[in-house]
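Worksheet: the structure to be examined is printed underneath.
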Amino acid sequence: MTNTAEKEAQGLEPVRIAVIPGDGVGKEVVPEAVRVLDAVSSSGGALEFVYTDLDWGCDLYRATGRMMPEDGLDRLAHSDAILLGAIGAPDIPDHLSLWGLLIPIRRHFQQYINLRPIRLLPGVVSPLRDREAGSIDMMVVRENSEGEYSVIGGRIHEGTPSEVALQVDYFSRIGTERVMRYAFDLARGRSRRLTVCTKSNGIVHTMPFWDQVAREISTEYPDVEVEFALVDALAARFITHPDTLDVVVGSNLHADILTDIGGAIMGSIGLAPAANLNPERALPSMFEPVHGSAPDIAGKQIANPIGEIWTAAMMLDFLGSRADARRVVDAIEVTLRSGVGTPDIGGSDSTSYVTDAIIDNLPEATD
Ligand code: IPM
Ligand code: MG
């Protein structure tokens with residue numbers, strides 16, 4: 001029996017994945033991640049996939065004035081997960097492209113957690129001196145639905161000397177409690193240490209509230225040691241002492257910035273994976289690496305596919321196939337250790353060559 005027939009015989013429905021490569025290097029790395037998913041599936045993996053390819057993004061915007069069709073969100077609602085590349089192009093203002101596609105998906109589907117592992121993999125040289133593989137190994141939990149990313153505000157007296165632009169951050173109790181609980185749970189399953197990123201010395205309303213909620217939730221987790229770290233000092237600590245950090249929870253903007261530092265210290269932002277999660281699984285989650293559309297290197301077949309492939313592994317894990325997720329991450333590690341890599345990590349291999357190597361290095365599936 002073929003693998004597909006076996007899975008059908010076991011009554012397993014294929015997982016429906018909405019695929020949005022988006023713009024720039026997204027168009028190159030997403031097909032590579034799909035190739036890996038298919039290789040995982042056809043080599044004894046637990047899941048079978050059916051894909052819906054969606055050509056949404058800046059090309060569509062140029063043609064129609066919309067980043068996605070009017071019923072885009074409804075169409076995505078029918079999927080089990082969304083695999084996305086990157087959004088943005090130099091000729092379209094970012095606030096139009098991102099708020100026309102990426103941010104509405106994160107919000108509509110209540111993907112209020114953005115989970116971003118930061119790990120130095122074997123065979124990769126960190127820009128930090130003398131760092132061994134594994135010595136940087138943390139998880140950033142980014143609040144992904146509110147905070148500084150808000151549309152509350154506006155502009156008055158435009159174009160005059162009295163012009164004012166106003167943008168209001170908001171932190172709800174529900175939104176803050178749920179991200180804290182997620183982070184405490186994650187810490188409980190790791191080293192039982194949680195760092196709460198804050199800025200309550202300078203931001204006088206929202207950040208003291210954020211800290212207060214963290215303290216309240218911490219009483220539910222007496223076994224987790226919690227520390228508070230100011231975002232500026234924490235940014236420095238990511239560089240000087242990343243080994244002292246394990247789970248870090250931060251607001252939407254703070255953790256956005258910290259995870260770019262994370263990408264840098266792990267050797268390339270092209271390696272950094274991420275997942276926009278609806279932890280209740282009531283709505284589809286979206287799997288999207290940390291890196292952007294990188295128009296400067298797009299179309300040259302030199303984009304690092306590993307961030308997207310590792311992101312796809314996070315999707316396998318979230319969809320319940322932990323063993324297959326492990327196989328993909330193992331294959332990435334073996335590939336990097338063998339010296340294969342794109343130019344961003346000092347190699348000279350192409351995007352698809354790296355993917356071929358990862359597929360060749362996929363370990364056997366074990367039941
Ligand atoms: C990210 C990106 C996005 C964000 C941008 C493109 C809006 O930087 O996912 O980290 O800030 O959320
Ligand atoms: Mg970012």
Side-chain angles (χ1 to χ4, degrees), residues 20-27 29-30 33 56-58 60-61 67-68 81-118 138-153 167 169-171 175 179 197 199 231 234-235 238 248-278 285-298 303-304 306-308 310-312 314-315 344:
I20 309 175
D23 303 307
V25 296
K27 290 183 189 167
V29 295
V30 166
W56 303 350
C58 290
L60 189 71
Y61 185 90
M67 291 292 294
M68 65 174 152
I82 303 159
L83 183 67
L84 186 133
I87 305 298
D91 59 321
I92 296 174
D94 283 336
H95 67 278
L96 296 181
S97 56
L98 277 320
W99 282 83
L101 181 53
L102 183 71
I103 310 279
I105 298 175
R106 288 180 179 170
R107 299 206 164 187
H108 184 79
F109 297 115
Q110 293 181 41
Q111 297 162 353
Y112 61 84
I113 298 297
N114 195 321
L115 186 61
R116 299 187 152 182
I118 296 169
M138 55 174 130
M139 283 285 196
V140 175
V141 177
R142 171 183 180 188
E143 201 298 313
N144 207 34
S145 63
E146 52 181 44
E148 306 85 352
Y149 286 52
S150 108
V151 285
I152 306 168
Q167 173 110 27
D169 300 3
Y170 70 99
F171 289 73
V179 71
C197 171
K199 189 60 194 174
V231 65
L234 191 53
F238 265 54
V248 176
V249 60
S251 70
N252 213 333
L253 180 63
H254 289 164
D256 172 47
I257 297 166
L258 290 177
T259 50
D260 262 39
I261 302 179
I265 62 175
M266 62 194 274
S268 167
I269 199 169
L271 296 167
N276 302 277
L277 301 178
N278 173 251
S285 291
M286 174 165 66
F287 298 83
E288 171 215 353
V290 177
H291 69 73
S293 58
D296 52 329
I297 60 159
N304 197 330
I306 291 181
E308 188 76 46
W310 190 351
T311 293
M314 292 182 79
M315 182 174 83
D344 56 307

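What's counted below: heavy atoms across the whole structure, side chains too, no hydrogens, waters or symmetry copies. In this text, all values refer to a predicted model and were calculated from it rather than measured experimentally. As the structure lists them, so they are numbered: ligands from 1, and atoms in each ligand from 1.
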Tally of protein N/O/S atoms under 2.8 Å from the Mg ion (ligand 2)? 1
Kindly indicate whether the side chain of Val29, heavy atoms from C-beta on, has any atom under 4.5 Å from the side chain of His291. yes
Can a side-chain donor-acceptor contact be found between Asp344 and Ser268 if the only test is distance below 3.5 angstrom? yes
Near ligand 1, at a heavy-atom separation below 4.0 Å: residues by chain and residue number: Leu98, Arg106, Arg116, Arg142, Tyr149, Asp256, Glu288
Heavy atoms, side chains only, cut-off 4.5 Å: are Asp256 and Arg116 in contact? yes
Kindly indicate, with the supporting measurements, whether the criterion side-chain contact (heavy atoms from CB on, under 4.5 Å) is fulfilled by Leu101 and Tyr61. CA-CA 10 Å; Leu101 181 53; Tyr61 185 90; over 6 Å; no
Results of side-chain contact (heavy atoms from CB on, under 4.5 Å) for Ile257 - residues two or more places apart only: Leu253
Are any non-hydrogen side-chain atoms of Ile20 and Met68 less than 4.5 angstrom apart? no
Going by ring pair (Phe, Tyr, Trp, His ring centres under 6.0 Å), name the residues that satisfy it together with Phe171, two or more places apart in sequence or in a different chain. Trp210
Quick one: does Gln167's side chain have a donor or acceptor within less than 3.5 Å of a partner on Ser150's backbone? yes
Run the numbers on Glu143 and Ser145 for side chain to side chain donor-acceptor pair (under 3.5 Å), then give the verdict. CA-CA 6 Å; Glu143 201 298 313; Ser145 63; 2.7 Å; yes
